[in-house]
Amino acid sequence: MRRLFVLLLALSLGVVSLGAASAQDEKVLVVGLSEDYHSLDPSRAYEPGGSLIHHSVYDTLVTFPSDSVSEIIPNLAESWTTSDDGLVYTFTLRDDVTFSNGDSLTAEDVVFSFNRMKNLKDNPSFLADTIASVEAADDLTFVMTLTQPDPAILAKIIFDAFSVLNADEVRANGGTDAEDAAETDTAEEWLMSHSAGTGPYMVESYDPSVQTVLARNPGYWGEAPYFDRIIIRNLPETSTQKLALEAGDIDIAMDVIADQVPSFASNPNITVFSTQSDTLIFLLMNQNPDIGGPVSDPLVQRAIRYALNYDELRFLSGEGANTPAAMVPIGFAGALDPSEALKQDLDQARALLAEAGYADGFTINLEYPDFNYIGTEFGIVAQKVQADLAQVGITVSLVPQEFQVSLDAYRSGQQGFSQWLWNPDYHDTLDYVEFLPGGVVGNRANWTDENAAAEILELRDAVKTENDPGVRNDLFREIQLYEQQNGPFAPLFQPGVHFAYRSDLQGFAYNGQWRVDLTALYR
Amino acid sequence: MALHKYLARRLLLMIPLLIGISLVSFLISNSIPADPTAANLGERAAADPKIVATFRAKWGLDQPLHIQYLTYMRNLLRGDLGTSIRSHRPIADELRRFLPATIELATAGIAVSVVAGVAFGVISAVWRNRPIDFFVRFISLIGVSAPVFWLALIGLLLLYLRWDIVPGPGRLDPRVVPPPNVTGLYTIDSLLAGQWSTFRNAVEHLILPSLVLGAYSSGLITRITRSSMLEVLSKDYMNTARSKGLKERHVILRHGLRNALIPVVTIIGLSYGSLLSGAVLTETIFAWEGIGRYAYNAARTLDFPAIMGVSMLIAIVFVLMNLIVDLLYYWLDPRLRQG
């Protein structure tokens, strides 16, 4: 026994004294990330974690500036034109682009990538729903024809799923863009440990749930990035991420929560970036009286919007949170200014309830997924909603639910009164038409073409095909003003999103689509 | 009963047990009111009936329950654990990838707790009601009652951030390349490959998580060892041994400890079993991708094949641990060998 003790002691002392890894000349960026991701095949892209990787490894035809999603700029396509009817988009590709294996980019690669993504029938495939056909007019001319005018199409094709892959290389490794790609394509496995893109980096290795290593693409057509390697390390616990950042083992913590922000203030080695996220947290009030009960009444819905204390709700979410004026988040083109948001008005709320025949209030269940989303505790927000509504006589019983259970009920439109969140599928305001009658979220509140007012249906149909930015913004404005008074939703807030990084890191910029462009960072 | 007969009977008994466990975990995972379609498809894909139908057909979710179960069992008999809905990888590969991380951590954790627990327990019993006894009992109380995430975070804060004597989370530093895969245990594989610096890195990374993981069971083992030792120390044969003129150390360790170990072995076996079935909190805080996190993620995303695979694996681990404990009794207690 004693010998074992001595051995263990010697071993542990020896081990400790040998210290950290040797210095390396290589320039390495280490990123700490809490979410897991399961596919590095960009055509199946759907997970936010994967976006960091896709954006470093692949390119899209057009893109956003690194710090905003309000402008569309050239990328692989140096220019494009749109036909007068808004149905045909013709892109002219750059002639100097090569894939990481040295092949030149041609329009055929773009055709393959778009068709493969659509035919895989995976999570992002719906983004191609308005694309009727794609073809290569010549080596550098790519033509995309739509089924109907789609003002959001350029924003959609910026999403990772429209990354352009090297068709020959992917085909050689089991890929296909045929109609039956969902059954016959087997390239995903190869794409887990290789890449076939035109971006500044290549996938060097992927160790599921542990880390992904990206290596510089030596033949990159653009300006070479600063770092030789990028290591994206899974650190599921945010407190561990914080410690690793403070110790200097990682350069960026991607998942800082609001509570941690003040503790970084006194540390000169660490810089924090906070902004409102694109996530919209809202209340849903079912239009179907059998499901929603009293909250299906338009007057009650309006009363609830006036009863909420938006400033205090936002405060609960912590630093960086913001309150949108209606169901279009701040940051999207055409969103109302936050100053136009509804303010709590309890007298108004009580009057509306009396008019609806609920002068003495009523009792209702509030269902919500019992979880913490980027630092926002859903249970605490629900308690605040409960307290606010109690002031106007509405007695709310909280019904926390296991996430998947709640999600099922929410998606099938079975929740009467619930608290949920929505993240944009693509960065165009058109994504928020889903909160209108017949939309994905509208349907969950049983808000349909049959029970909605003609006014909102007309606005919805008009905005869906309007290409003129000025007219679009006017339409979105009218829609949001309508939503403030009518409809089955109440916006609560957009939680803050926080990143912390070592202060010697330069070039940090945030954008709602890919969050941080790792390729632009330098020391 | 002869040992080999006993072993054969115990191993045969595993078969109905595992069938029972597979049935129970299958029924439980299918009876919760949530749908793997919603868990694994995005908002829009889940709203598209065509994609949902393709998804359900692909994963066999459109079949009646008993057919699903029979298909699963038929594949299982051929050694096929199915494919993960979440990652599209074979379950067997995933378990093979994540289990070694847990084995490495659990083994280090149990080693810490056995060494510390037995030593403290003996010390505490021999010097009963002396200051050292109170001190040890206090420490073991902390071990048993401190929440593991608190210990882990305090450990990281002090040993990693403040004093820099252990490395950060993970099984290796980010820049260290894992050794060639033989057993999946980084310590063993790096030795096999002769990569000393990787070995050192892997051992360094094990120190803090194994201390944290071992804290609870070492507290437990201390307490059991102490009470068991106290009982043995009062036995007549201890006096007999002393009166034969044996050295006190020999009396305590050979005559005392060996007889006191039987209940301790039970606790060690069960603790090791539960450490092997994964420690979600420890694994999460230390970014240690093992079976605990795998099970948690499988449950969270209703990845049925993964849930089944991990349940079967944990069941087998427990059954085997129990068997090993029984065999240890056999070795420790001569009466069992004759009886």
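Throughout, a chain's letter reflects where its sequence line sits, starting with A, and its residues are numbered from 1.
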Using non-hydrogen atoms only, which part of [X] is less than 4.5 Å away from chain A: side chain, backbone, both, or neither?
X        : value
B/Leu172 : backbone
B/Phe98  : side chain
B/Arg162 : neither

Please state whether the side chain, the backbone, both or neither of [X] comes within less than 4.5 Å of a heavy atom of chain B.
X        : answer
A/Glu189 : neither
A/Asn123 : both
A/Glu246 : both
A/Val30  : side chain
A/Gln241 : neither
A/Phe403 : neither
A/Ile231 : side chain
A/Pro124 : neither

Do [X] and [Y] have side chains that get closer than 4.5 Å, going by heavy atoms?
X        : Y        : value
A/Glu188 : B/His88  : yes
A/Thr240 : B/Phe286 : no
B/Arg89  : A/Met192 : yes
B/Ile51  : A/Phe126 : no

- Message: Below 4.5 Å, heavy-atom pairs only: which of A/Ser239, A/Pro208, A/Ala182 has the largest tally toward chain B?
- Response: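 Most heavy-atom pairs within the cutoff with chain B belong to A/Pro208.
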- May I have the step-by-step check of salt bridge (charged side-chain N to carboxylate O under 4.0 Å, His left out) for B/Arg97 and A/Asp207, ending in yes or no? CA-CA 10 Å; B/Arg97 184 188 283 274; A/Asp207 190 357; 3.0 Å; yes
- Task: Examine distances only and state if a side-chain atom of A/Gln404 and a backbone atom of B/Arg300 form a donor-acceptor pair shorter than 3.5 Å.
- Result: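 Flag set: sc A/Gln404 to bb B/Arg300 pair under 3.5 Å.
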- Item | Value rounded to 0.5 Å, distance of CG in A/Asn234 from OG1 in B/Thr284 |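 Nearest 0.5 Å value for the CG-OG1 distance: 11.5 Å.
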- Item | Reported OG-to-NZ distance for the pair A/Ser125 and B/Lys50, which is rounded to 0.5 angstrom |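 Taking OG in A/Ser125 and NZ in B/Lys50, the distance rounds to 10.5 Å.
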- Counting only heavy atoms not in A/Phe371, do more than 12 fall under 6.0 Å of its CZ?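 Check passes, neighbour count above 12.
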- Please say which of B/Glu94, B/Arg293, B/Glu289 ends up in a side-chain contact (heavy atoms from CB on, under 4.5 Å) with A/Ser209.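 Result: among B/Glu94, B/Arg293, B/Glu289, B/Glu289 is the only option passing the side-chain contact (heavy atoms from CB on, under 4.5 Å) with A/Ser209.
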